[in-house]
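When reading the values below, keep in mind they use all heavy atoms of this one structure, side chains included, and skip hydrogens, waters and symmetry mates.
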Amino acid sequence: MQTERVTFLTSADHKAALDAFASKRGESVGNVVREATAKYLAQAPESDEEAELAALLELVRTAVPQMQASLDRSIARLDASHSKVDRLLRESGVRT
């Protein structure tokens with residue numbers, strides 16, 4: 001197997017935690033990072049789905065208040081129309 005070098009920067013606390021974790025398991029930090037990234041990459045489709053769901057949720061959060069406002073305006077217009085029709089019917093003597 002041909003290997004490639006990957007370098008990443010982290011805090012001293014995170015490096016110490018990695019060292020301690022690897023030592024406790026009797027493994028190298030490199031092996032711990034390889035296993036962790038392999039697990040993370042295996043979960044990528046779920047992460048993509050979660051990102052899509054988050055985007056859809058944001059659309060819903062934006063759309064629902066707009067729909068509620070639109071419905072409120074429609075209700076107000078219908079109420080005004082009903083009042084006007086009722087007034088016209090009373091004035092014409094059709095409704096008492």
Side-chain angles (χ1 to χ4, degrees):
M1 169 177 72
Q2 190 171 2
T3 61
E4 298 281 337
R5 179 175 301 276
V6 175
T7 304
F8 72 98
L9 301 176
T10 188
S11 69
D13 290 342
H14 190 230
K15 173 68 166 81
L18 278 171
D19 287 336
F21 183 82
S23 178
K24 185 177 177 181
R25 293 182 54 160
E27 299 178 18
S28 68
V29 170
N31 194 58
V32 169
V33 171
R34 275 190 297 278
E35 286 183 13
T37 55
K39 289 178 183 177
Y40 180 81
L41 291 172
Q43 295 175 357
E46 291 179 11
S47 296
D48 291 345
E49 289 175 3
E50 288 177 13
E52 289 177 15
L53 286 174
L56 288 172
L57 181 58
E58 188 56 36
L59 289 173
V60 168
R61 284 184 177 154
T62 302
V64 167
Q66 292 172 351
M67 291 186 303
Q68 288 174 329
S70 178
L71 286 170
D72 288 343
R73 286 190 303 271
S74 295
I75 290 169
R77 286 182 191 134
L78 285 170
D79 286 345
S81 295
H82 290 153
S83 294
K84 184 176 182 177
V85 168
D86 188 54
R87 183 177 46 81
L88 291 172
L89 290 174
R90 288 180 194 280
E91 287 174 359
S92 67
V94 174
R95 187 174 285 167
T96 59

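Between the CG atom of Asp13 and the CG atom of Leu18 there is a distance of 11.5 Å, given to the nearest 0.5 Å. Between His14 atom NE2 and Asp19 atom CG the span is 10.5 Å, to the nearest 0.5 Å.
Taking the charged nitrogens against the carboxylate oxygens, Glu91 and Arg87 do have a contact shorter than 4.0 Å, which makes a salt bridge.
When atom types are taken as modelled, the side chain of Ser70 and the backbone of Gln66 share no donor-acceptor pair closer than 3.5 angstrom.
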Decide side chain to side chain contact (heavy atoms under 4.5 Å, CB included) for Gln68 and Leu71; before the verdict, give the C-alpha distance in whole Å, the side-chain angles of both, and the deciding distance to 0.1 Å. CA-CA 5 Å; Gln68 288 174 329; Leu71 286 170; 5.6 Å; no
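There is no path of hydrophobic side-chain contacts, each under 4.5 Å, that joins Val64 to Leu57.
Nearest heavy atom pair, residue Ala22 against residue Val29, reads CB-N, 3.8 Å. Here the closest non-hydrogen pair linking Glu27 and Val32 is OE1-CG2, 3.7 Å.
Applying the salt bridge (charged side-chain N to carboxylate O under 4.0 Å, His left out) rule to pairs touching residues 70-81 yields nothing, sequence neighbours excluded.
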